[in-house]
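What follows is a short report on a single structure.
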Amino acid sequence: MAQGSPTNEGEHEKVYGASFAIYDDASLDDFIRFLATRFKANGIDPVSEFAGKRCLDAGCGNGRGALFMASHGATSVDCIDISPSNVTTTRRNLAARGLDPDRVIEGSLQAMPYEDASLDFVWCNGVLMHTDNPDGCLNELSRVLKPGGRCWLYVYGADGIAWYWVSRARAVIREYGAERCLRVLKLLRLDVRYIAEYIDDWTVPYLRTYSAEMFSARLRSAGFTDVQPLPRGVAYDTNHRRNLFPEDADWMGEGDLRFLLTKTSKAAKPVERLPADPENTGKPFHPAIVQKFATLFDEYEAVVTGSLLLSIVTSADIQRTLRDMLSREEPFSPDAFHAAVSATIDLARELK
Ligand SMILES: C[S@@+](CC[C@H](N)C(=O)[O-])C[C@H]1O[C@@H](n2cnc3c(N)ncnc32)[C@H](O)[C@@H]1O
């Protein structure tokens, strides 16, 4: 897509706006705790990263990154998001916790209203791969950081059973749209973080994944060092599991790509824009994954297609089963996952 052409980023209001708005105080605290756990697991001290710093939460969602940085001593925290509802939600959450809501603005990462080299820390968690122009946004993150400034960045690593499943669920559900999906998921009374995750995975207009090598090269060219992905995380993070259970590497794919980067003093060479395929994957799915699950997921698709309710309820069940399996302190069992999906397909057939 050429620069200046219409984008699908308007859909973010539906995909993220409504789901981020329904976090209550306790769910927001839980959501922030995952960030603390990831810092701890990688031996990163949040106080030494944030205390006394001018920080930005880029693509803030409900502002959990901002709250995390502020609670560890950030001097100021600016927030920007493209979704007007997320701006309202973040303002509300910041104000409720004694922070300045006026620093939250609506806008795109692709053209941010901050001066060159004006920030000490940029937080950008789970955003770039959902933007229309990830490379343009990456250049902007680098531009606004001071030399020596730091950046927390998370993008999706390519391949792995989790993204393979999501790619198949998207094929069934995306056409129903985020709003209808949200209405059904609310009926199930799932924890809000699962509702938000499923809507994001199944309906977001841009979902790209990267190989570690490909993304690290882009980071270098945007003027960053420390471009090795962090090895640890919470129990189900695929980077964490790759390290905990090396025998699972083919099933986990590249693993989640989280970085704690440093901006160099050298002028960045702007990253050139990749072709804008909204679903591009940095690498094909591993043959073992396709061999084991392609026919099963074809069968799933054939059974549930045409029924909104059945598609959403069973996809939520399958995704939760996978998450639970990937949270256990044992290697992933493709056979057990296969059996669980088969049982769900049988049930779907009965309920149809
Ligand atoms: C998956 S959510 C992540 C939210 C938050 N960073 C977190 O970790 O909880 C992605 C967020 O990026 C925002 N977003 C997507 N494209 C954007 C863009 N071009 N500029 C600014 N925000 C954008 C969405 O509205 C959404 O709030």
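Counting convention: from 1, in listed order, for ligands and their atoms alike.
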query: Nearest to atom 15 (C) of ligand 1, what protein heavy atom do you find, and at what distance?
result: H12 CD2, 3.3 Å
Flag, side chain of T238 to backbone of D256, donor-acceptor distance under 3.5 Å: yes
query: Backbone, side chain, both or neither: what part of C60 comes under 4.0 angstrom of ligand 1, heavy atoms only?
result: backbone
- request: Could you tell me if the ring centre of F50 sits under 6.0 Å from that of F121?
  value: yes
query: Going by the order shown, which atoms of ligand 1 are within less than 4.0 Å of some heavy atom of G61?
result: 4 (C), 27 (O)
field: F20 contact mode with ligand 1 (heavy-atom cut-off under 4.0 Å)
entry: side chain
query: Which of these, Y156, F215, W163, sits in a ring-ring contact (aromatic ring centres under 6.0 Å, His included) with Y210?
result: F215
- prompt: Considering only the protein, which heavy-atom contact is closest to atom 22 (N) of ligand 1, and what is its distance?
  reply: I82 N, 3.2 Å
query: Would you say G17 touches ligand 1, if touching means a heavy atom closer than 4.0 Å?
result: no
message: With a 4.0 Å cut-off on heavy atoms, is I80 in contact with ligand 1?
response: no
query: Hey, would you say the F337 and F293 ring centroids sit under 6.0 Å apart?
result: yes
- prompt: When you measure from atom 21 (C) of ligand 1 to every protein heavy atom, which one gives the shortest distance, and what is it?
  reply: L109 CD1, 3.2 Å
- line: atom 5 (C) of ligand 1 sits nearest the protein heavy atom G59 O, 3.4 Å
field: Over 12 foreign heavy atoms within 6.0 Å of NZ, K53
entry: yes
- prompt: By number and element, which atoms of ligand 1 are closer than 4.0 Å to a non-hydrogen atom of T131?
  reply: 16 (N), 17 (C), 18 (C), 19 (N)
- request: Tell me which protein heavy atom sits closest to atom 13 (C) of ligand 1, plus the residue, atom name and distance to 0.1 Å.
  value: D81 OD2, 3.4 Å
field: Contact with ligand 1 for F31, non-hydrogen, under 4.0 angstrom
entry: yes
query: Side chain or backbone of E9 under 4.0 Å from ligand 1, or both, or neither, by non-hydrogen atoms?
result: side chain
- prompt: Which atoms of ligand 1 sit under 4.0 Å from any heavy atom of D200?
  reply: 1 (C)
field: Check: T131 main-chain N/O paired with H12 side-chain donor or acceptor under 3.5 Å
entry: no
message: Suppose we measure from atom 2 (S) of ligand 1 to each protein heavy atom; which comes out shortest, and what is that distance?
response: Y16 CE2, 3.6 Å
- prompt: With atoms numbered from 1 as shown, which atoms in ligand 1 lie under 4.0 angstrom from a non-hydrogen atom of G126?
  reply: 1 (C), 2 (S), 3 (C), 10 (C)
- line: Numbered in order shown, the ligand 1 atoms found under 4.0 Å of a heavy atom of G107 are 20 (N), 21 (C)
Residues D324, R320: salt bridge by 4.0 Å N-O rule: yes
message: Parallel, tilted or perpendicular, judged at 30° and 60°: which one describes the rings of F39 and F68?
response: perpendicular
field: Nearest neighbour in protein (non-hydrogen) for atom 8 (O) of ligand 1
entry: N125 ND2, 2.8 Å
- prompt: Salt bridge or not for R97 and D25, using N-O below 4.0 Å?
  reply: yes
Salt-bridge criterion met for D57 and R64 (N-O under 4.0 Å): no
- request: Please determine if R170 and D201 form a salt bridge, counting it only when a charged side-chain N lies under 4.0 Å from a carboxylate O.
  value: no
message: Does D120 form a salt bridge (charged side-chain N to carboxylate O under 4.0 Å, His left out) with K146? I'd like the steps, not just the answer.
response: CA-CA 6 Å; D120 301 302; K146 292 177 185 168; 2.8 Å; yes
query: Side chain, backbone, both or neither: which part of W123 has a heavy atom under 4.0 Å from ligand 1?
result: neither
statement: Of all protein heavy atoms, the one nearest atom 9 (O) of ligand 1 is R64 NE, 2.8 Å
